[in-house]
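Here is the structure we will look at, set down as structure tokens.
Here the structure is a predicted model, which means the values were calculated and not measured.
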Amino acid sequence: MRAEIAEQPEALRRTLAELLPLRGEIEALGRSTRHVLFIARGSSDNAAVYGQYLLQVHGGRLAALGAPSVATSYGAKADLSGVLAVAVSQSGKTEEIVETMRWAADCGARTVGVTNGADSPLANESDVALVTRAGSEVAVPATKTYSTQLAALAVLALGLGGGSLDPGDLQRVPDALDEILAAPQDSLEEITERLTAVQGMVVTGRGIALTTALETALKLKEACYLHAMGMSYADLLHGPIAILDPRTPVLLAAASEGPVLQGTIALAERARSAGSPVFGIGGKELAAATDLSLQVPDLPEWVAPMGLILPAQLLTERLARRLGSDPDVPRGLNKVTQTTG
């Protein structure tokens with residue numbers, strides 16, 4: 001897992017070189033569709049949350065997360081004319097996701113497949129395949145396949161009308177990841193140490209950074225066996241905030257700019273007043289409101305999740321080993337998960 005985390009800058013460079021030239025094909029699909037339906041599970045579903053926000057905030061399109069069981073378990077029929085179904089799967093072989101994409105096409109949707117499997121059913125059967133170039137990923141927890149999915153969805157947003165977005169921002173991301181990997185890791189060590197004795201924690205963010213909170217919580221659950229609750233801080237305020245106390249740390253993720261940053265800082269201050277240890281992943285302004293922070297280089301909000309997730313992955317890998325677990329092979333998990341029924 002640690003080696004594959006370090007491979008992400010090059011994986012992103014390869015992926016962007018491969019996918020940015022496909023914006024014309026994406027734009028052509030966009031002309032025949034209005035809405036976007038994402039089909040995914042697990043880490044891919046967390047990546048789809050990023051795509052959902054990007055397309056609604058910057059692409060002017062209604063975007064939603066699909067429920068594959070509507071197709072696979074209920075066999076329901078829907079009018080999906082004018083819909084672009086975007087199926088996201090690291091392997092491209094998860095039967096539930098492939099079957100749901102086929103269902104969407106039968107219901108009138110156009111399709112995009114986002115996958116690291118160049119010869120997979122997902123890539124072969126979609127109208128446009130956005131094949132990431134992460135290379136082979138051996139560790140069960142997704143790292144470079146997840147970050148390259150984010151890159152693919154950023155390219156999708158550019159092709160579907162993100163006219164206000166600068167492709168140059170994407171080109172800056174690999175260098176930013178190199179900076180994170182080369183930076184001193186004193187805070188990483190201290191946060192790891194402070195999490196070794198906890199049973200549960202809250203991981204939160206909002207808007208475009210929500211993808212990072214959800215994916216970080218998933219990683220902490222699957223590799224560290226920690227009861228990590230990942231959610232929007234808006235949802236946290238609607239009741240679950242009552243669990244915050246000195247035994248329940250809070251990890252907040254936020255870009256160093258954007259309309260949700262001040263709300264994230266306000267939540268950090270509220271969590272500290274409840275006695276919770278408060279940690280952050282973000283820029284200097286968030287760091288000032290937390291006990292300890294994993295800082296990342298400043299990136300525009302729309303590409304920030306590709307930088308925010310890397311420190312979270314490093315934290316997960318280090319904490320798992322500190323707890324005596326093997327993060328490469330978490331118990332009860334396989335690289336490709338098949339869901340039935």
Side-chain angles (χ1 to χ4, degrees), residues 1-2 4-5 8 40-50 65 67-68 88-91 94 96-97 137-147 149-150 188 191-206 209-233 235-236 239-245 247-254 271 276-281 292 294 305 308-339:
M1 183 178 178
R2 180 62 180 82
E4 289 168 356
I5 291 170
Q8 287 178 112
R41 289 289 190 197
S43 287
S44 298
D45 204 35
N46 296 335
V49 169
Y50 172 65
L65 302 180
V88 190
S89 167
Q90 289 146 17
S91 69
T94 301
E96 180 186 35
I97 303 305
E137 187 174 65
V138 177
V140 171
T143 53
K144 58 181 180 174
T145 53
Y146 172 78
S147 61
Q149 283 178 345
L150 297 184
L188 179 62
I191 294 173
T192 299
E193 185 62 34
R194 292 182 63 176
L195 291 179
T196 54
V198 306
Q199 297 298 313
M201 65 183 297
V202 174
V203 189
T204 188
R206 193 175 183 185
L210 176 58
T211 177
T212 305
L214 297 175
E215 176 63 8
T216 300
L218 175 60
K219 286 289 173 285
L220 290 168
K221 282 182 274 198
E222 69 181 357
C224 303
Y225 317 137
L226 187 64
H227 296 288
M229 179 189 299
M231 62 170 59
S232 164
Y233 73 63
D235 289 324
L236 181 65
I241 197 167
I243 71 171
L244 298 190
D245 61 26
R247 297 171 299 174
T248 308
V250 179
L251 176 62
L252 302 104
S276 289
V278 179
F279 309 122
I281 304 176
L292 290 166
L294 303 173
L308 293 171
I309 193 57
L310 195 153
Q313 295 167 345
L314 291 171
L315 175 63
T316 298
E317 192 270 346
R318 192 155 302 191
L319 179 60
R321 296 197 185 280
R322 187 70 59 85
L323 294 172
S325 302
D326 183 353
D328 297 340
V329 190
R331 65 192 183 203
L333 295 179
N334 296 308
K335 192 63 183 170
V336 179
T337 301
Q338 303 293 5
T339 308

Holding to side-chain hydrogen bond (donor to acceptor under 3.5 Å, both in side chains), I want the full list of residues that pass it with [X], two or more places apart in sequence or in another chain.
X	value
T211	Y146
T316	none
R2	none
E215	S43, N46, K219

Measuring only between side-chain heavy atoms, which start at C-beta, is [X] closer than 4.5 Å to [Y]?
X	Y	result
P249	R194	no
R41	T94	no
F279	L195	yes

Gap between atom [atom2] of [Y] and atom [atom1] of [X] - 0.5 Å precision:
X	Y	atom1	atom2	value
T204	L214	OG1	CG	9.0 Å
K221	M229	NZ	CE	9.0 Å
L292	T192	CG	OG1	10.5 Å
I309	T212	CD1	OG1	5.5 Å
M201	T248	CE	OG1	10.0 Å
L188	L315	CG	CG	6.0 Å

Could you work out, with side-chain contact (heavy atoms from CB on, under 4.5 Å) as the rule, every residue matching [X], not counting sequence neighbours?
X	result
L310	I5, Q8, L177, I180, L181, Q313, L314
R247	D245
A254	L261, T264, L286

Restricting to salt bridge (charged side-chain N to carboxylate O under 4.0 Å, His left out), what partner residues turn up for [X], sequence neighbours left out?
X	value
K144	E7
D45	none
R321	E317, D328

Answer yes or no: is there a donor N or O on one side and an acceptor on the other, between the side chain of S232 and the main chain of R206, under 3.5 Å? no
Quick check against the 3.5 Å criterion: does E137 have a side-chain atom that pairs as donor or acceptor with the backbone of E4? no
